[in-house]
Asker: 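My structure is below; once you've seen it, I'll send some questions.
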Number of protein chains: 2
Amino acid sequence: MTQPRSRPAKLSGGERLLFLTDDQLRQGVELMFFAYRDMVADADRVLAERGYGRAHHRCLHFIWRRPGLSVAELLDILSVTKQSLNRVLRQLVRDGLVESRVGQADRRQRLLRLTPRGEDLVRDLANAQNARMRRVFLEAGPEAVHGFKTVLAGMIDEGRRAAVLDLVEDRFPEGGKR
Amino acid sequence: MTQPRSRPAKLSGGERLLFLTDDQLRQGVELMFFAYRDMVADADRVLAERGYGRAHHRCLHFIWRRPGLSVAELLDILSVTKQSLNRVLRQLVRDGLVESRVGQADRRQRLLRLTPRGEDLVRDLANAQNARMRRVFLEAGPEAVHGFKTVLAGMIDEGRRAAVLDLVEDRFPEGGKR
DNA sequence: CATTTTAAGTCAGGCTTGTTGACATTCCAA
DNA sequence: TTGGAATGTCAACAAGCCTGACTTAAAATG
């Protein structure tokens, strides 16, 4: 930091590791900040119309992805405290977007699923957010998208990475759970 | 740069547009969520030791990047309200991490720069965050990193993209401003 | 010069989303 | 049967964002 950014020409043939300078890393971090901010803004607009926030979005999204999951499983995905999740979940149940059933096998559990109205909102949110992604993916091309995903996957904490990728890529190693 | 770089094969076959399915878009969004969350956690740990939050980090970071910028310019980069920024900025000035000087050309302005102690904290924060980026970039390789950046850049709101990329890539088109 | 506009800062109050702590319920295993 | 673990709820608080309504100072404008 505070070093002169030397910039010796472009990536020339045998030039390796030039993409690992502090400057390159900083650019990666800054791009994550700006891109993430603008990405979530799309969904925020839809949420604001209905008086919800990002916490509600995340909650709805992962219930949609794994219908019938327990509160504990959702807690694990979101990495928040159960008290924090519960406030949000209570609103969604009260408003009829999420249904909470007592588990049959273990009656301590509450198993969550979307109601039809919940599915409607999730669809609206996905449409808002996917529009940006679709345009960008199309412009950038499959090569770039592949690199994008590779880097993002690598940024996930090592200990959780496998489980998160199972979720994202729709593999369900513990799938018989409900 | 935004051109699809014509490297055939290498990906999952010769199929076209398969990377634009709703499922692929969803994966992109989810990966952004998980990767961003884990990335900022690195800096959060350093911040928590000193009693600061992410708002302080962003503030310090962009003052470091553009020493001598005005409050209005910082406001524009961060896209928050001045009340919100001011609370944070006041703490940083009080704690001696940021210096606020009256502008010479326009004495209404307050021009911001880091003190040596501010630079120390920025360095610590950058080290914490860069460690993850460096490992990931190294593992993923320059091709993937290029794709990563291309996609992120495309996700920035079109109206602001050019200005943001000037900032990120260290070009200063409006650089004579102070 | 008088007026208007701009830059910055402040006070008051509200919302979302995160936190801890205390507690009730349910299940299971010693 | 009893104690511990898992699950969920209630209450209180903090961070960090927001809006709205000002004030002060300086610059720009007519």
Side-chain angles (χ1 to χ4, degrees), chain A residues 33 36-37 40-41 43-63 68-95 98-112 177-178, chain B residues 33 36-37 40-41 43-45 47-61 63 68-95 98-112 177-178:
Chain A
F33 167 65
Y36 188 81
R37 186 180 65 181
V40 296
D44 282 350
R45 280 182 282 273
V46 175
L47 292 162
E49 291 170 10
R50 323 232 187 170
Y52 293 124
R54 290 177 195 176
H56 302 87
H57 184 183
R58 293 196 283 270
C59 204
L60 289 167
H61 178 89
F62 289 108
I63 293 173
L69 89 176
S70 69
V71 172
E73 287 170 322
L74 185 52
L75 238 27
D76 185 56
I77 292 171
L78 297 177
S79 293
V80 294
T81 59
K82 63 184 169 176
Q83 295 89 331
S84 191
L85 174 61
N86 214 263
R87 183 181 338 99
V88 169
L89 211 42
R90 196 163 27 193
Q91 293 174 284
L92 294 173
V93 170
R94 158 175 58 73
D95 297 350
V98 167
E99 195 185 43
S100 167
R101 295 182 196 165
V102 172
Q104 310 122 306
D106 184 338
R107 301 198 344 194
R108 290 171 300 182
Q109 294 183 328
R110 299 292 180 278
L111 305 186
L112 307 169
K177 247 194 192 155
R178 109 188 32 62
Chain B
F33 166 64
Y36 188 81
R37 186 180 64 182
V40 296
D44 282 349
R45 280 182 282 273
L47 291 162
E49 289 170 10
R50 322 232 187 170
Y52 293 124
R54 292 178 194 177
H56 303 88
H57 185 182
R58 293 194 284 271
C59 206
L60 288 167
H61 178 89
I63 294 173
L69 52 33
S70 68
V71 173
E73 287 169 324
L74 185 53
L75 241 24
D76 184 56
I77 291 170
L78 297 176
S79 294
V80 294
T81 59
K82 66 178 170 181
Q83 294 91 327
S84 195
L85 174 60
N86 216 265
R87 177 176 3 90
V88 169
L89 210 43
R90 197 161 33 195
Q91 293 174 282
L92 294 173
V93 170
R94 157 175 58 75
D95 297 350
V98 167
E99 193 185 43
S100 167
R101 294 182 195 165
V102 171
Q104 314 114 299
D106 184 338
R107 303 199 342 192
R108 291 171 303 182
Q109 293 183 330
R110 297 295 179 280
L111 305 186
L112 307 169
K177 246 191 193 161
R178 63 205 80 6

Asker: Over how many whole Å does the gap from B/Leu75 atom CG to C/dT6 atom P extend?
Answerer: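 Those two atoms, CG and P, are 16 Å apart.
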
Asker: At under 4.0 Å, does any side-chain N or O of B/Arg107 touch on OP1 or OP2 of D/dA26?
Answerer: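 Answer yes for this pair, as a side-chain N or O of B/Arg107 is under 4.0 Å from OP1 or OP2.
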
Asker: Output the distance between atom NE2 (A/His56) and atom CG (A/Leu89), rounded to the nearest 0.5 Å.
Answerer: 9.5 Å

Asker: Please report, rounded to the nearest Å, how far the C1' atom of D/dT7 is from the CG atom of A/Leu112.
Answerer: 12 Å

Asker: Tell me whether A/Arg107 at atom CZ has more than 12 heavy atoms from other residues, nucleotides or ligands lying less than 6.0 Å away.
Answerer: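 No.
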
Asker: Can you measure from SG (B/Cys59) to CD1 (B/Ile77) and round to the nearest 0.5 angstrom?
Answerer: 10.0 Å

Asker: Assign A/Ser70 to base, sugar-phosphate, or nothing according to its heavy-atom contacts below 4.0 angstrom with the strands shown.
Answerer: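 It contacts nothing in the nucleic acid.
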
Asker: Determine: side-chain N/O of B/Asn86 to OP1/OP2 of C/dA8, distance under 4.0 Å, yes or no.
Answerer: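 It does not, given that no N or O in the side chain of B/Asn86 lies less than 4.0 Å from OP1 or OP2 of C/dA8.
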
Asker: Is the side chain of B/Arg110 donor-acceptor paired with the backbone N or O of B/Arg108 at a distance under 3.5 Å, no angle test?
Answerer: yes

Asker: What is the distance, rounded to the nearest whole Å, between atom CD of A/Gln109 and atom C1' of D/dG8?
Answerer: 11 Å

Asker: In whole Å, what is the span from the CG atom of A/Asp44 to the P atom of D/dC17?
Answerer: 13 Å

Asker: Grab the CG-C1' distance between B/Leu92 and D/dG16 for me, whole Å please.
Answerer: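 It is 14 Å, rounded to the nearest whole Å.
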
Asker: Mark yes or no for whether B/Arg37, through its side chain, and A/Leu78, through its backbone, hold a donor-acceptor pair below 3.5 Å.
Answerer: yes

Asker: Extract from the structure each pairing of a protein N or O with an N or O of nucleotides 15-19 of chain C at less than 3.5 Å, listing the distance.
Answerer:
unit_1	atom_1	unit_2	atom_2	d
C/dT17	OP1	A/Arg54	N	2.4
C/dT17	OP1	A/Ala55	N	3.0
C/dT17	OP2	A/His56	ND1	3.2
C/dG18	OP1	A/Arg58	NH2	2.6
C/dG18	N7	A/Arg87	NH2	2.8
C/dG18	O6	A/Arg87	NH2	2.7
C/dT19	OP2	A/Thr81	N	2.8
C/dT19	OP2	A/Thr81	OG1	2.9

Asker: Are A/Leu60 and A/Tyr52 close enough that some pair of their side-chain heavy atoms sits under 4.5 Å apart?
Answerer: no

Asker: In terms of the nearest nucleotide of DNA chain C, which residue is placed more toward the 5' end: A/Arg108 or B/Leu89?
Answerer: B/Leu89

